[in-house]
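As structure tokens, the structure follows; a few thoughts come after it.
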Amino acid sequence: MSKVTLKGLNSFGIAASCSDFVRFSSETEIQAWLTKNKNNSEQLFIIGGGSNLLLIGHVPFVLLQADVQGVEYIEQGNEVLVTAGAGVNWHQLVMETLDKGYYGLENLSLIPGNVGAAPIQNIGAYGVELKDLFVELEAIELATGDKITFTHQECDFAYRYSIFKGQYKGQYIITSVTLRLSKTPDLKLDYGLIRQELEHLSEDQITPKNVSDAVIKIRSGKLPDPNELGNAGSFFKNPIVDEVIYTRLKAQFPNLVAFELPDGRFKLAAGWMIDQAGLKGYRLGDAGVHKKQALVLVNYGDATGKDILQLARYVSQKVKQKFGVIIEPEVWILGEESW
Ligand SMILES: Cc1cc2nc3c(=O)[nH]c(=O)nc-3n(C[C@H](O)[C@H](O)[C@H](O)COP(=O)(O)OP(=O)(O)OC[C@H]3O[C@@H](n4cnc5c(N)ncnc54)[C@H](O)[C@@H]3O)c2cc1C
């Protein structure tokens with residue numbers, strides 16, 4: 001089988017290859033392909049917009065992409081059910097819903113990638129997660145070609161997690177996602193710098209569009225645009241620790257940045273820890289820790305997947321040495337090496 005080049009299909013802009021790449025525009029195309037290839041022993045991997053992947057060398061998989069387009073809206077009183085195809089660009093969906101006066105997604109503006117990937121890690125930003133709006137999704141089981149609906153409960157969402165990263169990892173290709181939005185704004189302003197960005201407006205003047213604009217401005221100011229500097233957003237997850245570890249760390253590092261979770265544990269800001277380990281702006285050849293946001297690793301041009309992985313391991317090791325805490329990748333590492 002010939003090799004397919006993937007440089008343009010991952011936001012790190014890394015040169016990599018895979019065994020084959022198949023793009024589908026409908027569920028029936030996916031089902032037909034699965035039937036035809038059911039005796040094929042090649043391993044399959046689903047790719048969306050490639051913005052949460054680190055590809056290393058040759059990826060010995062057939063990559064499948066559900067490029068299902070289209071968005072449907074069903075109004076139910078003050079609420080609206082929005083069903084979007086897996087191939088719809090996430091940010092465009094956010095913009096379209098805001099334009100129509102359907103609210104809830106404003107804090108999730110400018111997250112790269114496609115709708116089909118959004119449930120996988122329960123995308124989140126500025127105090128809102130996909131699970132807050134999620135109703136159900138449709139997916140096709142790779143082993144059987146069966147179409148299955150997953151409810152909110154069945155997805156088992158948690159911080160940067162769903163059942164598709166656990167028990168059902170790699171088993172389903174998501175074709176559409178349904179969200180419940182509202183015609184009445186319920187603004188979430190207390191996370192990050194949103195309030196500060198909107199301080200020129202009084203609270204009753206603020207609209208969801210203002211919030212979206214603020215989020216876009218804040219994100220653009222601190223996160224590198226993958227079109228200009230290859231990256232996959234936050235490379236590491238924020239580690240979650242129990243109260244005993246949190247208290248010990250807080251005594252040792254009084255400026256520790258942490259958020260208490262409803263279950264009494266604490267989410268530590270990995271970016272702050274990387275910064276404190278002296279690594280913000282650190283560079284290993286063309287692989288670097290971003291100058292403004294230490295949680296983001298970047299490709300300055302010709303970094304290979306291995307270069308980024310080597311840097312990530314170094315960063316993780318330095319954080320462990322300083323804080324005794326292990327930070328783990330949020331991105332999917334695929335190819336000749338693993339974490
Ligand atoms: C600059 C930047 C900023 C970012 N900011 C955020 C942020 O604020 N919050 C956040 O949560 N994430 C963020 N991310 C990460 C990324 O945007 C999300 O993880 C996004 O959902 C990935 O979408 P994608 O389509 O590119 O998926 P890919 O990277 O292609 O795939 C990601 C995972 O989803 C699986 N997948 C993709 N499509 C499907 C499908 N149809 N069916 C089944 N599985 C599928 C893949 O197998 C893989 O496991 C950021 C990334 C970048 C580059």
Side-chain angles (χ1 to χ4, degrees), residues 6 9-14 18 21 23-24 27 30 43-55 59 61-69 84-94 107-131 137-142 148 150 155 157 159-166 168-177 191-192 215-216 218-238 271 290 292-293 295-299 329-334:
L6 297 172
L9 292 170
N10 71 99
S11 63
F12 257 124
I14 279 173
C18 67
F21 178 88
R23 181 175 284 143
F24 305 102
E27 288 174 353
I30 298 172
Q43 267 189 282
L44 308 177
F45 184 83
I46 321 295
I47 185 171
S51 61
N52 205 25
L53 304 178
L54 176 62
L55 305 174
V59 178
F61 297 137
V62 176
L63 299 195
L64 307 181
Q65 189 185 52
D67 192 17
V68 181
Q69 294 297 322
V88 172
N89 175 272
W90 175 263
H91 179 64
Q92 274 167 20
L93 177 70
V94 176
N107 294 47
L108 301 177
S109 299
L110 214 60
I111 297 182
N114 297 344
V115 165
I120 302 290
Q121 69 160 5
N122 176 29
I123 57 168
Y126 296 93
V128 176
E129 291 181 317
L130 181 87
K131 72 173 171 57
L137 62 80
E138 287 191 336
I140 290 174
E141 190 177 13
L142 296 179
I148 297 176
F150 287 89
C155 290
F157 291 120
Y159 167 65
R160 296 294 186 272
Y161 178 83
S162 73
I163 198 156
F164 304 101
K165 287 182 85 172
Y168 294 154
K169 188 172 166 183
Q171 293 181 33
Y172 293 90
I173 182 162
I174 294 168
T175 52
S176 71
V177 175
Y191 205 95
V215 167
I216 291 170
I218 299 164
R219 291 182 67 101
S220 308
K222 70 172 192 186
L223 286 173
D225 177 351
N227 294 319
E228 287 161 18
L229 188 60
N231 76 91
S234 304
F235 192 91
F236 297 99
K237 286 185 278 196
N238 290 316
H290 191 239
K292 289 190 193 160
Q293 173 50 273
L295 201 50
V296 177
L297 303 188
V298 297
N299 173 9
E330 178 188 307
V331 303
W332 292 69
I333 299 173
L334 210 60

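All values below were derived from every heavy atom in this structure, side-chain atoms included, with hydrogens, water molecules and symmetry-related copies excluded. Note that ligands are numbered from 1 as they come in the structure, with each ligand's atoms numbered from 1 the same way.
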Item to check | Sub-3.5 Å N/O-N/O distance, Gly49 and ligand 1 | outcome: yes
Checklist entry - Would you call Ile216 and His91 a side-chain contact if the rule is heavy atoms closer than 4.5 Å? => result yes
Next on the checklist: Looking at Leu295, is its backbone amide N or carbonyl O close enough to the side chain of Ser234 to form a donor-acceptor pair, meaning the two atoms are under 3.5 Å apart?
Outcome noted: no
Next on the checklist: Side chain or backbone, does Gly48 bring an N or O within less than 3.5 Å of an N or O on ligand 1?
Outcome noted: yes
Checklist entry - For ligand 1, is Lys165 a contact, meaning one of its heavy atoms is under 4.0 Å away? => result no
Checklist entry - Is the shortest N/O to N/O distance between Ile123 and ligand 1 below 3.5 Å? => result no
Checklist entry - Would you say the side-chain atoms of Trp90 pair up with the backbone N or O of Leu108, donor to acceptor, closer than 3.5 Å? => result yes
Checklist entry - Applying a 4.0 Å heavy-atom criterion (strictly less than), which segment of Ile120 is in contact with ligand 1: side chain, backbone, both, or neither? => result side chain
Checklist entry - Just by modelled atom types, is the Cys155 backbone N or O under 3.5 Å from a matching donor or acceptor in the Lys131 side chain? => result no
Next on the checklist: Looking at ligand 1, is there an atom of it that comes within less than 4.0 Å of some heavy atom belonging to Arg219?
Outcome noted: yes
Item to check | Part of Phe164 within contact of ligand 1 (heavy atoms, under 4.0 Å) | outcome: neither
Item to check | Phe45-ligand 1 polar pair, N/O distance under 3.5 Å | outcome: no
Next on the checklist: Using a 3.5 Å cut-off on N or O atoms only, is Asn122 in polar contact with ligand 1?
Outcome noted: no
Item to check | Heavy-atom nearest neighbour of atom 7 (C) of ligand 1 within options Pro119, Ser51, Gly124 | outcome: Gly124
Item to check | Side-chain heavy atoms of Ser176 within contact of Val68, under 4.5 Å | outcome: no
Item to check | Top protein contact for atom 53 (C) of ligand 1, by heavy-atom distance | outcome: Gly233 N, 3.2 Å
Checklist entry - Do Pro224 and ligand 1 have an N or O pair less than 3.5 Å apart? => result no
Checklist entry - Would you say Asn114's side chain and Gly116's backbone share a donor-acceptor pair under 3.5 angstrom? => result no
Next on the checklist: I need the contact type for Asn231 against ligand 1. Using non-hydrogen atoms and a strict under-4.0 Å cut-off, is it side chain, backbone, both or neither?
Outcome noted: both
Next on the checklist: Is there a polar contact between ligand 1 and Ser234, counting only N or O atoms under 3.5 Å apart?
Outcome noted: no
Checklist entry - Between the side chain of Tyr126 and the main-chain N/O of Ser109, is any donor-acceptor distance below 3.5 Å? => result no
Checklist outcome for this item: So for Ala232 against ligand 1, with non-hydrogen atoms under 4.0 Å, the contacting part is backbone
Item to check | Heavy-atom check, side chain of Leu54 versus side chain of Phe235, under 4.5 Å | outcome: yes
Checklist entry - Between the side chain of Asn10 and the main-chain N/O of Gly50, is any donor-acceptor distance below 3.5 Å? => result no
Next on the checklist: Is the shortest side-chain heavy-atom distance between Phe45 and Leu53 below 4.5 Å?
Outcome noted: yes
Next on the checklist: Would Ile174 count as being in polar contact with ligand 1, using the rule that some N or O on each side must be under 3.5 angstrom apart?
Outcome noted: yes
Checklist entry - Relative to atom 33 (C) of ligand 1, which among Trp332, Phe12, Phe24 owns the nearest non-hydrogen atom? => result Trp332
